[in-house]
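Below is one structure; the comments refer to it alone.
Nothing here was measured: the structure is a model prediction, and the numbers come from that model. A note on names: the letters A, B, ... follow the listed sequences, proteins ahead of strands, and every chain is numbered from 1.
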Amino acid sequence: MIRIYDTLTNSNKDFQTVSGGKDVKMYSCGLTVQDSPHIGHMRALITADIVRRVLIKEGYDVFSVYNFTDIDDKLIEKMKNGEDYRILAQRNIDEFMKYMKIMNVLDFNVYPRATNHIQEIIELIDSLLKKGFAYESEGDVYFRVSKFKDYGKLSGKNTKDLIEGKRVEINENKESPLDFVLWKSAKDKEPYWHSPFGKGRPGWHIECSAMSIKYLGETFDIHTGGEDLIFPHHENEIAQSECSTGKQFAKFWVHNGMVNLKGEKMSKSIGNVFKAKDILSKWHPNVVRLYLLKTQYRKSIEFSEERLDEAQSAHSRMRNALNGEKKNADKDFYFEKFSDALRDDFNTPQAIGYIFDAVNEINQNSPDSPQIRSEILKMLDILGFKNEEATKQSHDAELIELLMDVREDARKDKNYRLSDKIRDRLKDMKVILSDSKEGVKWKTED
RNA sequence: GGCGGUAUAGCCAAGUGGUAAGGCGACGGUCUGCAAAACCGUUAUUCUCCAGUUCAAAUCUGGAUGCCGCCUCCA
């Protein structure tokens with residue numbers, strides 16, 4: 001049984017599928033593609049990845065959707081720089097897909113985009129209008145929050161407090177300051193689509209309702225995203241969807257914590273972002289993954305180069321232990337505990353702790369080392385680490401072994417000037433030699 | 001001000017009633033031509049603070065304080 005912390009109930013719940021069977025439908029809130037992805041996006045992505053990997057490991061059949069919101073105010077704002085929003089969106093999507101591959105994230109089944117679902121969005125708005133949950137005003141269409149009595153159930157907010165909060169924007173077109181826009185009329189030179197409500201574009205939130213219902217059904221199992229989306233984004237998705245369908249929207253709401261920089265949330269608007277591109281040019285994807293998984297997904301993480309370097313050291317320790325004979329395990333001592341940890345709300349830090357317990361047993365020259373190595377490989381695979389064994393069989397391996405052979409001859413002749421030169425030069429090329437009792441070993445540096 | 005979360009060693013981080021996992025770092029030792037890796041040992045009598053429940057609390061209850069997120073676009 002998998003336990004998942006659900007934001008809707010603020011509690012851990014046993015996971016059960018809507019269907020009662022083994023098929024899981026999951027929606028992950030992706031990017032608004034106004035900018036290139038940063039480490040915070042990577043965290044949300046890795047969270048969605050781990051959720052799916054654990055479900056799959058537990059025998060579930062997961063159908064997952066990752067969306068791109070490719071039209072919004074920020075994107076239009078950026079058009080002032082002379083670039084069409086479609087080009088900009090495509091570039092950021094391409095970049096995202098590239099880093100997703102590099103990070104070894106499982107493919108999602110569908111990657112829908114808002115602009116490809118205008119028809120579905122219009123139909124959804126139309127049904128809300130017909131049922132009285134929405135109204136037209138000056139070419140815009142708004143959701144009538146007062147009509148949905150459950151409004152605030154996800155974020156724990158109540159409408160009275162929200163109105164009293166001084167941050168709600170004043171907009172004369174709205175009946176209430178809490179109402180949010182479903183369809184936004186197009187101003188001069190803005191991109192637009194035709195609709196029964198006039199020329200315009202979808203508001204933020206409605207695309208996710210339309211696309212999740214289309215691909216996953218009116219009620220689905222899991223909805224994931226960053227915790228900063230709880231309000232208003234996910235709250236509004238619930239309002240739109242449940243008012244339209246009359247059914248519960250998502251059963252489990254999974255929200256990941258923020259990546260902070262100097263104690264403050266990393267965000268596009270503050271401008272304190274570390275891009276995925278820059279991080280992955282400096283650290284191996286497995287190291288980045290370890291850095292992210294070393295903290296439970298719901299906690300905030302402090303971003304710093306030191307944290308990444310620390311993950312790199314820990315990662316090397318893990319890899320070093322894998323050097324050696326492997327044999328498929330007939331016992332699963334660590335693996336069982338590891339699995340228990342993951343079933344408990346995806347407790348990756350604890351699961352990783354068990355991997356290091358296994359590493360330590362190998363390093364103490366346990367007779368079971370070959371089996372434990374296989375067990376570790378299995379665990380790393382479930383956590384989505386790329387298997388680096390393949391690297392060792394690469395084209396360069398034979399040349400490296402030749403140089404090692406020459407170095408051994410030099411060492412036998414006590415020609416340490418030459419032997420150290422070979423070792424140093426290989427090190428410059430990120431190939432590390434180490435002399436051990438079992439002979440000389442080599443590995444590549446991350 | 002409201003809602004939610006969180007507070008554990010030098011740093012990071014698990015642990016939700018039975019006596020503090022794991023990682024990084026540091027120090028001492030072993031091994032080595034020298035390194036690297038690895039091993040052995042040391043590094044929280046104690047979990048923000050106060051009060052309470054209990055045979056037993058980091059874990060439960062009440063209160064205080066700090067930090068973070070949301071209440072405005074955000075993963």
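Spacing between C3(B) and C12(B) at atom P, rounded to whole Å, works out to 30 Å. The C1' atoms of A38(B) and U45(B) are separated by 31 Å, rounded to the nearest whole Å. Using C1' as the reference atom, C27(B) and A9(B) are 15 Å apart when rounded to the nearest Å. Comparing the C1' positions of U16(B) and A7(B) gives a spacing of 15 Å, expressed to the nearest Å.
The interatomic distance linking I355(A) (CD1) with G22(B) (P) rounds to 14 Å, in whole Å. One can place OH of Y5(A) at 14 Å from C1' of U16(B), the figure rounded to the nearest angstrom.
By the 5.5 angstrom centroid cut-off and the 30-degree plane limit, Y416(A) is classified as stacked against the base of G33(B).
Nucleotide G17(B) is matched to nothing when pairs are restricted to Watson-Crick or G-U wobble geometry with both distances under 3.5 angstrom. Summarising the base pairing, G62(B) is matched to C50(B) through a Watson-Crick or G-U wobble pair whose two defining distances lie under 3.5 Å. Applying the Watson-Crick and G-U wobble criteria (two distances, each under 3.5 Å), A26(B) pairs with U42(B). Base pairing of G33(B) is not made with any nucleotide, judged by Watson-Crick or G-U wobble geometry with both donor-acceptor distances under 3.5 Å. Across all strands shown, C3(B) is found opposite G69(B) as a Watson-Crick or G-U wobble partner, with both distances under 3.5 Å. Of all nucleotides present, none satisfies the Watson-Crick or G-U wobble test against A56(B) with each distance under 3.5 Å.
The closest side-chain donor-acceptor pair between E305(A) and W283(A), if any, does not fall under 3.5 angstrom. In summary, the side chains of E207(A) and T69(A) do present a donor paired with an acceptor at a separation below 3.5 Å, with no hydrogens or angles considered.
Annotation: the span from Y142(A) atom OH to K184(A) atom NZ amounts to 8.0 Å, rounded to 0.5 Å.
Among the protein residues, T32(A) comes within range of the sugar-phosphate backbone only, with heavy atoms under 4.0 Å from sugar or phosphate atoms but none that close to a base. Within 4.0 Å (heavy atoms only), H255(A) reaches no atom of the nucleic acid at all. E306(A) comes within 4.0 angstrom of nothing in the nucleic acid, heavy atoms only. Residue contacts for R407(A): at a heavy-atom cut-off of 4.0 Å it reaches a base atom on one of the strands shown. Residue contacts for Q296(A): at a heavy-atom cut-off of 4.0 Å it reaches the sugar-phosphate backbone alone, with no base atom in range. Contact annotation for S267(A): base contact, defined as any heavy-atom pair under 4.0 Å involving a base atom.
Residue R423(A) places no side-chain N or O under 4.0 Å from the OP1 or OP2 atom of A37(B). Residue Y291(A) places no side-chain N or O under 4.0 Å from the OP1 or OP2 atom of C24(B). The shortest distance between the side-chain N/O atoms of Q364(A) and the OP1/OP2 oxygens of C40(B) is below 4.0 Å.
Side chain R411(A) to base G33(B): a donor-acceptor pair is found below 3.5 Å. In the interface, the side chain of D420(A) is paired with the base of G33(B) through a donor and an acceptor atom under 3.5 Å apart. At a cut-off of 3.5 angstrom, counting only N and O atoms as typed in the model, there is no donor on one side facing an acceptor on the other between the side-chain of R417(A) and the base of C34(B). The base of C73(B) is paired with the side chain of K74(A) by a donor and an acceptor separated by under 3.5 Å.
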From CA spacing to verdict: side chain to side chain donor-acceptor pair (under 3.5 Å), K443(A), N323(A): CA-CA 9 Å; K443(A) 63 171 183 175; N323(A) 249 322; over 6 Å; no
Pair R411(A)-S419(A), side chain to side chain donor-acceptor pair (under 3.5 Å): steps then yes or no: CA-CA 6 Å; R411(A) 289 179 73 208; S419(A) 67; 5.2 Å; no
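The side chain of K265(A) lies closest to C70(B) when the candidates are C70(B), C24(B), G15(B). The E227(A) side chain lies nearest to G69(B) when the options are C12(B), A75(B), G69(B). Of the candidate nucleotides A75(B), C39(B), A21(B), A75(B) has the atom lying nearest to any side-chain atom of M266(A). Distances from the side chain of K294(A) to the nucleotides C71(B), G22(B), A75(B) place G22(B) closest. Nearest nucleotide to the side chain of E264(A), out of G25(B), G22(B), G69(B): G69(B). In the set G33(B), A75(B), C70(B), C70(B) carries the atom at the smallest distance from any side-chain atom of F231(A). Nearest to the side chain of A314(A), among G23(B), A75(B), C34(B), sits G23(B). Of the candidate nucleotides G69(B), A7(B), G15(B), G15(B) has the atom nearest to the side chain of Q350(A). Closest to the side chain of R317(A), from the set C34(B), C68(B), C39(B), is C39(B). Of the candidate nucleotides A35(B), C70(B), C73(B), C70(B) has the atom nearest to the side chain of D228(A).
Aromatic ring orientation, F249(A) versus W253(A): tilted (interplanar angle from 30° to 60°).
Taking for each of D309(A) and G225(A) the nucleotide of RNA chain B with the nearest heavy atom, the 5'-most of the two is the partner of D309(A).
Cation-pi geometry between K13(A) and F252(A) is met: under 6.0 angstrom from the ring centre, within 45 degrees of the axis.
Ion pairing between E242(A) and K153(A) holds under the 4.0 Å rule for side-chain N and carboxylate O.
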